[in-house]
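Take a look at the structure set out below.
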Amino acid sequence: MEKRRSDCPALPPGWKKEEVIRKSGLSAGKSDVYYYSPSGKKFRSKPQLVRFLGNAVDLSYFDFRTGKTIAGKHKGKSRQRHEPHSKSGKPDLNTALPIRQTASIFKQPVTKVTGHPGNKVKSDQQRAMEQPRQLFWEKRLKGLRSSDVTEESLRAMDLPQGLHCIGPDPSEDCLLWAIASALHLSSAPISGQSTSAEKNPGVWINASQPPCRSFSVTEQHIREQELVVDRARRSLEEALTADTLARIAQTKRETGVKERRTR
DNA sequence: GCCACCGGTGGC
DNA sequence: GCCACCGGTGGC
């Protein structure tokens with residue numbers, strides 16, 4: 001069956017197109033077209049693609065079925081630039097800038113710099129695909145601590161030795177949040193920043209990686225983490241046992257009191 | 001619970 | 001009447 005994924009030149013590198021022929025039912029013989037992002041996410045309509053790619057790629061003249069840009073109407077320059085609305089009249093949902101994450105109660109959109117007069121803007125497909133995001137957002141968590149019910153500060157987790165934070169605020173706790181967040185937001189491996197990001201983080205930082213020097217996880221790290229987990233499990237086990245014993249003792253005391261009263 | 005697959009339909 | 005889009009669901 002026709003089910004091979006092929007490259008799609010009209011989309012950024014890494015995107016694949018697939019055409020699946022319907023095998024049965026009233027619509028047998030007809031086909032469905034799907035696209036796959038470089039990370040493997042499946043798309044089954046043009047609106048879905050537009051929502052995902054936002055301003056990064058102009059899909060106005062993209063034909064979803066063929067996977068080609070409609071001939072003669074090549075990627076125009078001015079279109080869409082300052083148009084928050086698509087030609088359908090509906091708002092283009094992905095053009096909204098993210099809200100700056102700050103302690104201020106006022107919502108402040110992130111400033112989008114689209115180019116300075118006289119500067120040549122290099123196009124970088126990989127970067128163009130990313131949605132705008134606030135850089136160094138970890139800073140806003142500085143000084144905040146989680147605490148238990150008695151408002152006693154909880155000790156933060158220790159990061160393995162040898163992780164070097166880069167950026168405007170090279171403190172260790174920021175790095176912990178950044179790594180935790182990166183692990184949640186992406187299924188890709190967490191490996192740190194490139195060497196160019198280290199030299200000029202403001203320009204070269206990769207927002208999907210935590211702001212730290214490139215690193216690799218060794219067998220030694222894995223073993224150390226296994227030990228940490230093992231210790232945590234043991235202390236949890238002890239706590240649970242102690243709790244169960246305390247409950248048993250408590251119910252014994254209570255039933256004892258009742259018995260004495262009924263006598 | 002996920003997702004491949006087909007049906008239904010609104011907009012043209 | 002066609003078909004892009006998306007809802008629903010059966011099979012896993």
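Here is the naming used below: chain letters follow the sequence lines, and residue numbers restart at 1 for every chain.
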Does OP1 or OP2 of B/dC6 have a side-chain N or O of A/Ser27 closer than 4.0 Å?
-> no
Round to the nearest Å and state the distance from A/Leu26 atom CG to C/dC2 atom P.
-> 14 Å
What integer distance in Å separates A/Asp32:CG from C/dA4:C1'?
-> 10 Å
Would you kindly give the CZ-to-C1' distance between A/Phe64 and C/dC2, to the nearest whole Å?
-> 17 Å
Is the phosphate of B/dC5, meaning OP1 or OP2, less than 4.0 Å from a side-chain N or O of A/Ser24?
-> no
Would you classify A/Phe43 as touching base, sugar-phosphate or nothing, given that sugar-phosphate means primed atoms plus P, OP1 and OP2, and contacts are heavy atoms under 4.0 Å?
-> nothing
Whole-Å distance, A/Glu18 CD to B/dA4 P, equals 8 Å
Taking OP1 and OP2 of B/dC6, is either one under 4.0 Å from a side-chain nitrogen or oxygen of A/Lys23?
-> no
So does A/Arg65 get a side-chain nitrogen or oxygen closer than 4.0 Å to the phosphate oxygens (OP1/OP2) of C/dA4?
-> yes
Atom-pair distance (CZ on A/Arg44; P on B/dC2), nearest Å = 15 Å
Grab the NZ-P distance between A/Lys30 and C/dA4 for me, whole Å please.
-> 9 Å
Give the ring-plane orientation class for A/Phe52 versus A/Trp15, where under 30° counts as parallel, over 60° as perpendicular and anything between as tilted.
-> perpendicular
Do we get A/Lys46 above A/Phe64's six-membered ring, with its NZ or CZ under 6.0 Å from the centre and within 45° of the axis?
-> no
In the hydrophobic clustering (ILVMFWY, side-chain contacts below 4.5 Å, transitive), which residues join A/Leu240, or is it alone?
-> A/Leu236
For residues 224-233 of chain A, run the donor-acceptor check on the side chains, cut-off 3.5 Å, and write out each pair with its distance to 0.1 Å, sequence neighbours left out.
residue: A/Glu224; atom: OE2; partner: A/Gln220; partner atom: NE2; Å: 3.1
residue: A/Asp230; atom: OD2; partner: A/Arg234; partner atom: NE; Å: 3.3
residue: A/Asp230; atom: OD2; partner: A/Arg234; partner atom: NH2; Å: 3.4

Looking only at side-chain N and O atoms, does A/Ser45 come under 4.0 Å of OP1 or OP2 in C/dA4?
-> no
Please check the phosphate of B/dA4 (OP1 and OP2 only) for any side-chain N or O of A/Lys42 closer than 4.0 Å.
-> yes
Report the distance from atom OH of A/Tyr34 to atom C1' of B/dC2, rounded to the nearest whole Å.
-> 14 Å
A/Arg22 has an atom CZ; how far is it from atom P of C/dG10, in whole Å?
-> 16 Å
Rounded to the nearest 0.5 Å, what separation is found between the CD atom of A/Gln48 and the CZ atom of A/Phe43?
-> 6.0 Å
